[in-house]
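Worksheet for the structure shown next.
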Amino acid sequence: MCGIFAYIGSNSNAPNLVLSGLKRLEYRGYDSWGIAGQANNKIFVQKRAGKISDAKLFLPACNTAVGHTRWATHGKVSNINAHPHFSTDKSFVVVHNGIVENYLPLKKSLINKGFKFVSETDTEVIVRLVESYRRNSNALLDAAKKAFLKLSGRNTIILLAKNGDVIAIRNGSPLVVGINKSSNEVFFSSDTLSFADKVELCAVVQNGEILSYQNGSKIVAFNILTGREASLEWLPLNFAGADVGLEGFPHYMIKEIKEIPFVVKQITKINKKDYLYLAKQIKKAQTVYTVGSGTTGIAAAQIAFYLRAFANINAISLVGADANEYLPLITQKDLVIVPSQSGETADVLEFLEKVKKSKVKIASLVNMPGSMITRLSDFKFMNDAGPEICVMSTKVFVSQISWGYLVAKTVSGKYSEGMKNLNTLSQVSGKYLSNKKISATIRSLAKVVSKKADIFLLGKADNFQIAKEAMVKIIEGSYIHAHAIPSGDLKHYAITLMEKGMLVIAIVPQDSLKSDVLNAVDEVRARGACTVGVSTQSYEGFDHFLPVPDCGEVNSIINIVPFQLLAYYTAVKLGNNVDRPRNIAKSVTVK
Ligand code: G6P
């Protein structure tokens, strides 16, 4: 994944500006970091394995700097493998986000040409390739362009030369550029949030575009294949709540869970006309495909569920990484709906690019402004949930499924009822989240969970995806194995594992499905399992009871909240890194 950042301007504190940008990009990878600053026709590099929050810079005063926060793909986590990577003659450095899929043959041929490699990364192949093209020409820009064209995969690089020139090239992995006209400063980054408080205008760099800054001049953008000048579309950057401080909370995760009432409200603020227009497209479509990855894949499945349940729509959900399988079945009569926090998930993007070529219409709900998924979409919605910093998604998941619920209600002609229910949800969730008794109950349950090796979660119908998302949160936060099953399927296999000591958490609705789920609870309890009921009403078959408020039709939405809190308190209890679970990145821009 990785995050890349660059600063060019009059501030001689460029390395520190890059450092603060990288801290905001840390969600993209946090196993190592590095910064290069340029001054007096020299490049100074500081890089190391470990968290950027512990970084203490000792680079000299520089007006231009680039930086990188790494999520290792090629080569272990080490100081040497951290970016930036130097050219042999120390005349330029490269930071890179992506995967060079053909790095092995390229590396072999460069070694044959006499190039020496010092790291195990695919990025170093880019550096040596630029050097190899430079042997024939002095122009770094030309060499960078030629080298880049040799790479396969989704790659984005920023190159800093010792004379202060900066070259940025995008193909796949995200790249945005921001400017502050009054202070004459330029920022490059993997996302807009990282420089949101410093720029006035921003532009999304398109695939195949090269941006070149030569000392003292302005940024020139052109297409790497045609060489034609590209015009950047500069837009004002309004990112609600771009301030990403902890505001007194110990972790972003709990801060963001507490923002759930706000994010639900934000969904009700989206223009009614947009909902009505999308509803029209959904009704016209033969099949609606919803697609997403990870937690967002679960949100996509829940959105499809709401479309089927509330609006009788033929909706199928796909997981980003495997969505290609459906390509032969998708036609122009269909509609693709994509929720995505970042708007940059590579698995999803690759699928959308293919779908777009077949002229299939795309509707999206994205939280990060200026994303590729928004650009590819015909019907664009924004969560406006404010930045989500914790790698475990909480508030954005709730925002996504609340939006899906309102979309489904609009399709069924019940927009006002949907709005009323979401407004109630916003209020009720606020009270729930400030209820000290609930918080104490969840904390004491977290102690039980933290001692387990395996946990089963049961859900049915609109609560099955919720059980799955609860599973994801428990796994990510506590590293405890968890397994979600439709409660009705329990008897077909997992019941064999039910014995004394097993923990089973069931989401129990109060509608006609109640008895089905309670049967499963009784069955596991009869075999000695310890049961936890998440429900609006207690039941004698629950060993532990986690109450949730009664929100009627939108209960499945609020049902995820106690699980998010449970995952949070369990992670805290275990002393885990709550906001940065091991090996996981928030935005996965590699395949
Ligand atoms: C990563 C994150 C998940 C997220 C998924 C999709 O795997 O860890 O929390 O749901 O990517 O991200 P997106 O930005 O498309 O929502």
Side-chain angles (χ1 to χ4, degrees), residues 1-3 25-31 71 73 97 154 172-174 190-193 252-253 256-257 263 290-303 317-323 336-353 362-377 380-404 465-466 468-477 479 560 563-564 567-568 571 577-591:
M1 267 63 75
C2 308
L25 289 175
E26 211 188 350
Y27 69 85
R28 302 181 63 83
Y30 32 89
D31 51 44
W71 186 84
T73 57
N97 173 205
R154 308 178 79 87
S173 303
S190 301
D191 78 23
T192 44
L193 171 63
Y252 284 105
M253 184 173 183
E256 289 159 6
I257 293 172
V263 306
T290 64
V291 60
S293 297
T295 283
T296 307
I298 294 171
Q302 187 73 351
I303 294 169
S317 66
L318 310 176
V319 167
D322 293 338
V336 173
I337 297 184
V338 199
S340 174
Q341 194 286 129
S342 62
E344 298 288 351
T345 299
D347 287 332
V348 175
L349 262 178
E350 192 186 277
F351 169 73
L352 293 184
E353 280 157 7
I362 300 168
S364 65
L365 172 72
V366 175
N367 191 42
M368 189 70 81
S371 78
M372 207 56 201
I373 289 182
T374 302
R375 283 195 76 92
L376 282 175
S377 304
K380 309 164 202 275
F381 287 77
M382 298 301 294
N383 297 82
D384 276 330
E388 189 178 62
I389 305 298
C390 176
V391 167
M392 285 189 262
S393 179
T394 53
K395 65 172 180 176
V396 172
F397 175 78
V398 173
S399 164
Q400 290 165 336
I401 62 174
S402 300
W403 175 84
Q465 296 303 331
I466 302 303
K468 259 182 94 177
E469 174 52 13
M471 165 193 90
V472 170
K473 289 292 89 81
I474 289 171
I475 291 175
E476 287 180 318
Y479 316 139
I560 192 58
F563 288 103
Q564 293 173 339
Y568 171 71
N577 189 342
V578 177
D579 289 329
R580 306 263 181 272
R582 67 182 180 211
N583 301 337
I584 298 179
K586 188 155 191 71
S587 176
V588 184
T589 54
V590 294
K591 282 198 41 199

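Sequence positions, counted from 1, serve as the residue numbers for this chain. Numbering of ligands and ligand atoms starts at 1, following listing order.
- Close approach of ligand 1 to Ile584 (heavy-atom distance below 4.0 Å) involves ligand atoms 8 (O).
- Atoms of ligand 1 lying under 4.0 Å from any heavy atom of Ala585, numbered from 1 in the order shown and given with element: 1 (C), 2 (C), 8 (O).
- Here atom 9 (O) of ligand 1 lies nearest to Val391 when heavy atoms of Val472, Thr394, Val391 are compared.
- Between the side chains of Lys473 and Ser393, no donor N or O sits under 3.5 Å from an acceptor N or O.
- Aromatic ring centres of Tyr30 and Trp71: separated by at least 6.0 Å.
- Considering backbone and side-chain N/O of Glu476, none are found under 3.5 Å from N/O of ligand 1.
- Protein heavy atom closest to atom 14 (O) of ligand 1, with residue, atom name and distance, is Ser342 OG, 2.6 Å.
- Under 4.0 Å is where a charged nitrogen must lie from a carboxylate oxygen, and between Arg580 and Glu26 at least one such pair does.
- No side-chain donor-acceptor contact under 3.5 Å links Gln341 and Thr296.
- Per-residue contacts place Thr295 under 4.0 angstrom from the following atoms of ligand 1 (heavy atoms of the residue considered): 10 (O).
- Nearest protein heavy-atom contact of atom 6 (C) of ligand 1 is Ser293 O, 3.2 Å.
- For Lys586, every heavy-atom contact with ligand 1 shorter than 4.0 Å involves the backbone, none the side chain.
- There is a side-chain donor-acceptor pair under 3.5 Å between Asp191 and Tyr27.
- Protein heavy atom at the shortest distance from atom 7 (O) of ligand 1 is Val588 CG2, 3.7 Å.
- Looking at Pro339 against ligand 1, nothing comes within 4.0 Å, counting heavy atoms.
- Short contacts between ligand 1 and Thr345, defined as distances under 4.0 Å to a heavy atom of the residue, involve ligand atoms 6 (C), 12 (O), 13 (P), 14 (O), 15 (O).
- Atoms of ligand 1 found under 4.0 Å from any heavy atom of Ser340, numbered from 1 in the order shown, are 13 (P), 14 (O), 15 (O), 16 (O).
- Within the 3.5 Å criterion, the main-chain N or O of Gln564 finds no donor-acceptor partner in the side chain of Thr394.
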Checklist entry - Do Tyr479 and Arg582 pass the side chain to side chain contact (heavy atoms under 4.5 Å, CB included) test, and can you show the C-alpha distance, the side-chain angles, and the key distance before you say yes or no? => result CA-CA 9 Å; Tyr479 316 139; Arg582 67 182 180 211; 3.4 Å; yes
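- Of the candidates Ser371, Ser340, Ser377, Ser377 is the only one forming a side-chain hydrogen bond (donor to acceptor under 3.5 Å, both in side chains) with Ser364.
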